Number of protein chains: 2
Amino acid sequence: MLCFDIYAANHAFARVYKPLLDPLGLTYPQFLVMLVLWAEAPLSVGTIGKRLGLSSNTLTPLLKRLAQTGYVTRRRDGADERRVQVDLTESGAALRERADHVQQCATRATGMSLEDMQALQDQLQRLSAHLLESGRA
Amino acid sequence: MLCFDIYAANHAFARVYKPLLDPLGLTYPQFLVMLVLWAEAPLSVGTIGKRLGLSSNTLTPLLKRLAQTGYVTRRRDGADERRVQVDLTESGAALRERADHVQQCATRATGMSLEDMQALQDQLQRLSAHLLESGRA
DNA sequence: TGCGCTTAAATCGTGTACGATACAAAGGAA
DNA sequence: TTCCTTTGTATCGTACACGATTTAAGCGCA
């Protein structure tokens with residue numbers, strides 16, 4: 001079963017990342033949120049959720065922990081008081097360099113060439129698109 | 001990032017399976033455990049864990065829920081009282097037919113040919129093996 | 001026989017995930 | 001304006017996932 005192998009690969013990645021992320025004070029999902037913010041910040045809770053496929057019920061407590069750790073700030077958008085803008089702190093932005101090293105370690109751990117990795121990513125993206133599409137039908 | 005795409009694909013699968021599994025009274029992880037048991041039963045808690053990469057701290061409550069639903073039984077192994085043998089009930093074994101239909105729906109939802117799917121599974125299995133290997137080094 | 005080491009489950013605390021719901025702010029129609 | 005609907009977060013309850021610890025059952029060896 002394909003779902004089985006993806007489940008296993010996801011676990012395997014989480015296990016590779018955990019010892020690398022522990023010194024940074026990040027969990028694996030928190031790291032994924034930071035990846036999104038390093039690419040573009042500030043972002044609203046909802047926008048982060050769209051990028052990761054998560055909703056506020058998961059993100060709100062996660063972001064509160066990131067804020068408590070001191071990597072992000074959360075404040076109401078002045079223009080639209082419904083929105084909460086999440087931004088990087090200086091400390092959160094500075095973490096990016098150390099995170100790059102984490103990525104390199106993780107990439108090495110896959111044992112794959114960059115071309116194979118890119119091909120696999122393309123396949124997975126097509127797969128996800130198909131699965132989500134069929135969910136709406 | 002590859003980890004990102006695998007994370008997304010795993011979520012996408014969970015979302016496809018949820019509406020299919022709800023009528024069966026199973027969650028996605030519970031379904032994975034049932035897959036293992038349908039392939040071979042009875043099995044000890046530890047053996048199920050090896051197949052799925054989970055330990056007793058996750059499996060014990062999950063198996064208790066499966067037992068409460070009436071799909072499995074849990075009893076101490078007479079030969080080795082440390083072990084708990086998990087076996088299918090009549091109802092749990094009978095569920096297999098309905099589950100086959102779920103698998104067909106999910107397979108269709110991938111939008112992939114059987115050959116492509118097999119190739120992707122092989123890649124993922126090699127990837128997981130590499131990741132787990134590098135974790136021990 | 002007895003002592004210690006290992007192994008198998010269970011338990012505990014923390015942190016995701018998610019459906020359902022609540023609630024306040026925004027935006028529109030009468 | 002007033003009401004109604006939509007939108008963006010937050011909250012609640014249930015169910016994984018996992019590190020750390022606990023407990024009990026084998027097992028080995030002096």
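These numbers come from a predicted model, not from an experiment. Labels below follow one simple rule: chain letters A, B, ... track the order of the sequence lines, proteins then strands, and each chain is numbered from 1.
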Problem set entry | Per-nucleotide protein contact string for nucleotides 12-21 of chain C (B base, S sugar-phosphate only, - none; heavy atom under 4.0 Å) | B--SBBBBB-

For this session: Scan nucleotides 23-28 of chain D nucleotide by nucleotide, 5' to 3', and note B when protein non-hydrogen atoms come under 4.0 Å of the base, S if they reach only the sugar-phosphate, - if neither.
Result: --BS--

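Rounded to whole angstrom, the span from the NZ atom of B:Lys64 across to the C1' atom of C:dA9 amounts to 10 Å. Distance CZ (B:Arg74) to C1' (C:dA9): 9 Å, rounded to an integer number of Å. Distance, A:Leu63 CG to D:dT11 P: 13 Å, rounded to whole Å. The CG-P distance, from A:Leu21 to D:dC18, rounds to 15 Å in whole Å.
B:Asp5 and A:Ser128 make their closest contact through O-OG, 4.5 Å (heavy atoms, listed as atom of the first residue, atom of the second, distance). Between B:Leu24 and B:Tyr71, the closest heavy-atom pair is O-OH, 2.7 Å. When all heavy atoms are compared, the tightest approach of A:Val33 to A:Leu62 is CG2-CD2, 3.8 Å. Looking at every heavy atom in both residues, B:Ala106 comes nearest to B:Val16 through CA-CG1, 4.4 Å. Residues A:Val72 and A:Met34 approach most closely at CG1-SD, 4.1 Å, considering heavy atoms. Closest approach of B:Leu32 to A:Cys3, counting heavy atoms only: CD2-SG, 4.4 Å.
Counting non-hydrogen atoms of other residues, nucleotides and ligands closer than 6.0 Å to CE of B:Met1 gives a total of 12 or fewer.
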Exercise. How far apart are the C-alpha atoms of B:Gln104 and B:Asp100, what are their side-chain angles, what is the distance that settles it, and do they pass the side-chain hydrogen bond (donor to acceptor under 3.5 Å, both in side chains) test?
Worked result: CA-CA 6 Å; B:Gln104 286 167 25; B:Asp100 283 342; over 6 Å; no

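The aromatic rings of A:Phe31 and A:Tyr17 are tilted relative to each other, their planes meeting at an angle between 30° and 60°.
Side-chain atoms of A:Thr107 come within 3.5 Å of backbone atoms of A:Gln103 as a donor-acceptor pair (strictly under, hydrogens ignored).
In the region residues 41-50 of chain B, proximity to DNA chain C at under 4.0 angstrom, judged on heavy atoms, holds for B:Ser44, B:Val45, B:Gly46.
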